[in-house]
Amino acid sequence: MAEPTSLLLPDTGEPGFGIYVHWPFCAAKCPYCDFNSHVRHQKIDQPRFAAAFLKEMEVMRALSGPKTVTSIFMGGGTPSLMDPATVGTILDGIARHWTVPRGIEITMEANPTSVEAERFRGYRAAGVNRVSLGVQALNDRDLKFLGRLHSVEDALKAVRLAREIFPRMSFDLIYARPDQTVEAWEQELRQAISYAVDHLSLYQLTIEEGTPFFGLHKAGKIITPDEDRAAELYEATQDITASEGLPAYEVSNHARPGAESRHNLTYWRYGDYAGIGPGAHGRLSQAHKKLATATERNPERWLEAVEAEGHGMVDQDLLGNDEQADELLLMGLRLREGVDLARWQELSGRDPDPVREQFLLEHGFIERLGNSRLRCTPKGMLVLDAVVADLAC
């Protein structure tokens, strides 16, 4: 059995320092996905890639300086295609380069196919204590439409096994699918919550340029819900999750109190994080600036670069205060806890524009939490991009 949740360190409310590791390989490319994921039909040389992850860590450690890690996240791609031994090698490497206290959150994304689910005990033994399952839908017709390789039966088997093995577990669902009614989504969402999950990531289907769905949507072969229906689906999501004890703590993420994703909170609270692996991004504080890093997206080119140069970075940009203030606002307004105003004012060197703020307050898009924080209301979350743009001016 998994160790009790209480043994995991509590959220301190601080931004923290995270490590993100990107495993770029998938068994198949989903038609809606624009993430940096790649299908390879030949066997992946995992020891060679693991050695490259360790090598790139050395460079990232030199850039970050000595840090205490508050969370580790293995994303992709499909990290659950890694052997447990590869995961153990990577986690051991992180512990050699930074201070890793016992009980921090260590998350792995996983696809709920039966072959991968059988590896869960190996991942747990390697140190993973939270799994995030890419379920995406709870009916087989929509799973097929979304290009998923698992069935609902596979998904539920993986959910049950994850619940047994890991102290924390989350899974993803995509809504606003073609022909999806509010009633059908409400039923599916209540079903998801009934599986004793403590965290759900609930994303509206978006049609991203460069994906197979983009061309089909443009040709009229995929029709997604209009804005009004999408808003109804979003509002139903908020109502049901709140009533079931998993309120939104971020625009698309819902958790029981204490089960929020510590790693994602580091992003949204604008903390530092080292990004390791093909296509990984990072933010590392350097004096009064932040270094924004990005690595080569192609796995083989990244591998060759690391073996030749010690890292696969293709971008290293120092962000000034204005850029940091904009990023802080963009990320922080996604959170129910909102933005730390003093921190934003220190970075930007100004107060929010009083006219713009008053307009947003009067129309119910934002609200003040005392004098220290500013946050979006549920109404404001529906037009989040516009609110951010108004306040950033």
Side-chain angles (χ1 to χ4, degrees), residues 8 16-26 35-38 40 43-64 66-111 116 119-132 165-168 261-264 266-267 272-282 284 293-297 299-300 302-307 309-313:
L8 296 179
F17 174 70
I19 305 289
Y20 176 77
V21 178
H22 191 81
W23 184 258
F25 301 110
C26 281
F35 293 164
N36 186 43
S37 58
H38 304 262
R40 297 290 183 266
K43 187 177 180 181
I44 304 301
D45 187 343
Q46 293 198 32
R48 187 179 173 195
F49 271 90
F53 281 119
L54 298 181
K55 200 168 186 180
E56 191 165 70
M57 279 179 206
E58 295 179 18
V59 174
M60 295 301 176
R61 168 60 175 80
L63 292 173
S64 73
K67 294 275 190 179
T68 297
V69 178
T70 53
S71 65
I72 299 168
F73 195 102
M74 296 185 183
T78 307
S80 54
L81 291 176
M82 281 191 280
D83 295 332
T86 303
V87 174
T89 296
I90 292 169
L91 293 179
D92 288 346
I94 292 170
R96 286 197 301 273
H97 288 93
W98 294 277
T99 301
V100 180
R102 177 176 168 79
I104 68 161
E105 177 190 271
I106 302 175
T107 301
M108 169 185 276
E109 291 182 336
N111 278 344
E116 292 162 13
R119 303 181 182 201
F120 281 2
R121 293 190 189 281
Y123 299 141
R124 183 71 191 97
V128 175
N129 56 26
R130 182 177 182 272
V131 69
S132 178
I165 294 170
F166 297 99
R168 290 203 176 113
S261 168
R262 308 293 167 72
H263 189 81
N264 287 336
T266 291
Y267 296 152
D272 277 15
Y273 54 98
I276 298 160
H281 291 255
L284 299 170
T293 65
T295 58
E296 166 62 48
R297 290 171 59 87
E300 289 75 24
W302 172 84
L303 183 61
E304 291 170 0
V306 174
E307 290 176 339
E309 305 291 336
H311 66 86
M313 283 185 287

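Predicted, not measured: the structure shown is a model, and the values here were computed from it.
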> Below 4.5 Å, heavy atoms only, C-beta onward: do Tyr273 and Ile72 meet side chain to side chain?
Replying inline: no

> Can you check whether Phe73 and Tyr267 have ring centres sitting under 6.0 Å from each other?
Replying inline: no

>> With rounding to the nearest 0.5 angstrom, report the NZ to CG distance, Lys67 to Leu284.
In response: 8.0 Å

>> Tell me the closest heavy-atom pair linking Arg297 and His38, and the distance in Å.
In response: O-NE2, 3.5 Å

> What do the steps show when you test Arg130 against Ser261 for side-chain contact (heavy atoms from CB on, under 4.5 Å), and what is the final call?
Replying inline: CA-CA 9 Å; Arg130 182 177 182 272; Ser261 168; 3.7 Å; yes

>> Can you tell me how the ring of Tyr123 sits relative to the ring of Phe120, calling it parallel under 30°, perpendicular over 60° and tilted otherwise?
In response: tilted

>> Do Glu307 and Arg48 make a side-chain contact, defined as non-hydrogen atoms from C-beta onward lying under 4.5 Å apart?
In response: yes

> Sub-3.5 Å donor-acceptor pair from the side chain of Asn129 to the main-chain atoms of Ile104, do we have one?
Replying inline: yes

>> If you define the side chain from C-beta out and look only at heavy atoms, does anything of Pro79 sit under 4.5 Å from His22?
In response: no

> How far apart are the closest heavy atoms of Gly277 and Phe53, and which atoms are they?
Replying inline: CA-CE2, 3.4 Å

> Taking the side chain as C-beta and beyond, is there a heavy-atom pair between Ile90 and Met57 under 4.5 Å?
Replying inline: yes

> Taking Glu58 for the side chain and Gly310 for the main chain, is one N or O donor matched with an acceptor at less than 3.5 Å?
Replying inline: no

>> Measuring from atom CD1 of Ile94 to atom OG1 of Thr89, what distance do you get when rounded to the nearest 0.5 angstrom?
In response: 11.0 Å

> So do the side chains of Arg121 and Ile165 get within less than 4.5 Å of each other, counting heavy atoms only?
Replying inline: yes

> If you take all heavy atoms of Pro167 and Arg124, which pair is closest and at what distance?
Replying inline: CD-NE, 3.8 Å

>> So, taking the atom named CH2 in Trp98 and the one named CD1 in Ile19, what distance separates them when rounded to the nearest 0.5 Å?
In response: 4.0 Å

> Are any of the side-chain heavy atoms of Arg168 and Arg262 separated by less than 4.5 Å?
Replying inline: yes

>> Before you tell me yes or no, could you show the steps for His281 and Thr293 under side-chain contact (heavy atoms from CB on, under 4.5 Å), namely the whole-Å CA-CA distance, both residues' side-chain angles and the distance that decides it to 0.1 Å?
In response: CA-CA 5 Å; His281 291 255; Thr293 65; 5.8 Å; no

>> Which heavy atom of Trp23 sits nearest to which heavy atom of Thr78, and what is that distance?
In response: CD1-O, 3.3 Å

>> Does any part of the side chain of Glu56, heavy atoms only, come nearer than 4.5 Å to the side chain of Thr295, both counted from C-beta?
In response: yes

> At their closest point, which heavy atom of Ile106 faces which heavy atom of Val128, and how far apart are they?
Replying inline: O-CG1, 3.5 Å

> With Glu309, which residues qualify under salt bridge (charged side-chain N to carboxylate O under 4.0 Å, His left out), at least two apart?
Replying inline: none

> Just by distance, do the side chain of Thr266 and the backbone of Phe17 share a donor-acceptor pair under 3.5 Å?
Replying inline: no

>> Between Gln46 (side chain only) and Met82 (backbone N and O only), is there a donor and an acceptor less than 3.5 Å apart?
In response: no

>> One pair to check against side-chain contact (heavy atoms from CB on, under 4.5 Å): Tyr20 and His263. What are the steps and the verdict?
In response: CA-CA 9 Å; Tyr20 176 77; His263 189 81; 4.1 Å; yes

>> So which atom in Met74 and which in Leu91 form the shortest heavy-atom distance, rounded to 0.1 Å?
In response: CE-CD2, 3.4 Å

>> One pair to check against side-chain contact (heavy atoms from CB on, under 4.5 Å): Val306 and Glu296. What are the steps and the verdict?
In response: CA-CA 10 Å; Val306 174; Glu296 166 62 48; over 6 Å; no

> Distance from Asn111 atom CG to Leu81 atom CG, nearest 0.5 Å?
Replying inline: 7.0 Å

> Tell me, do Leu63 and Met313 make a side-chain contact under 4.5 Å, heavy atoms counted?
Replying inline: yes

>> Check whether Thr68 reaches the backbone of Thr99 with its side chain - one donor and one acceptor, N or O, closer than 3.5 Å.
In response: no

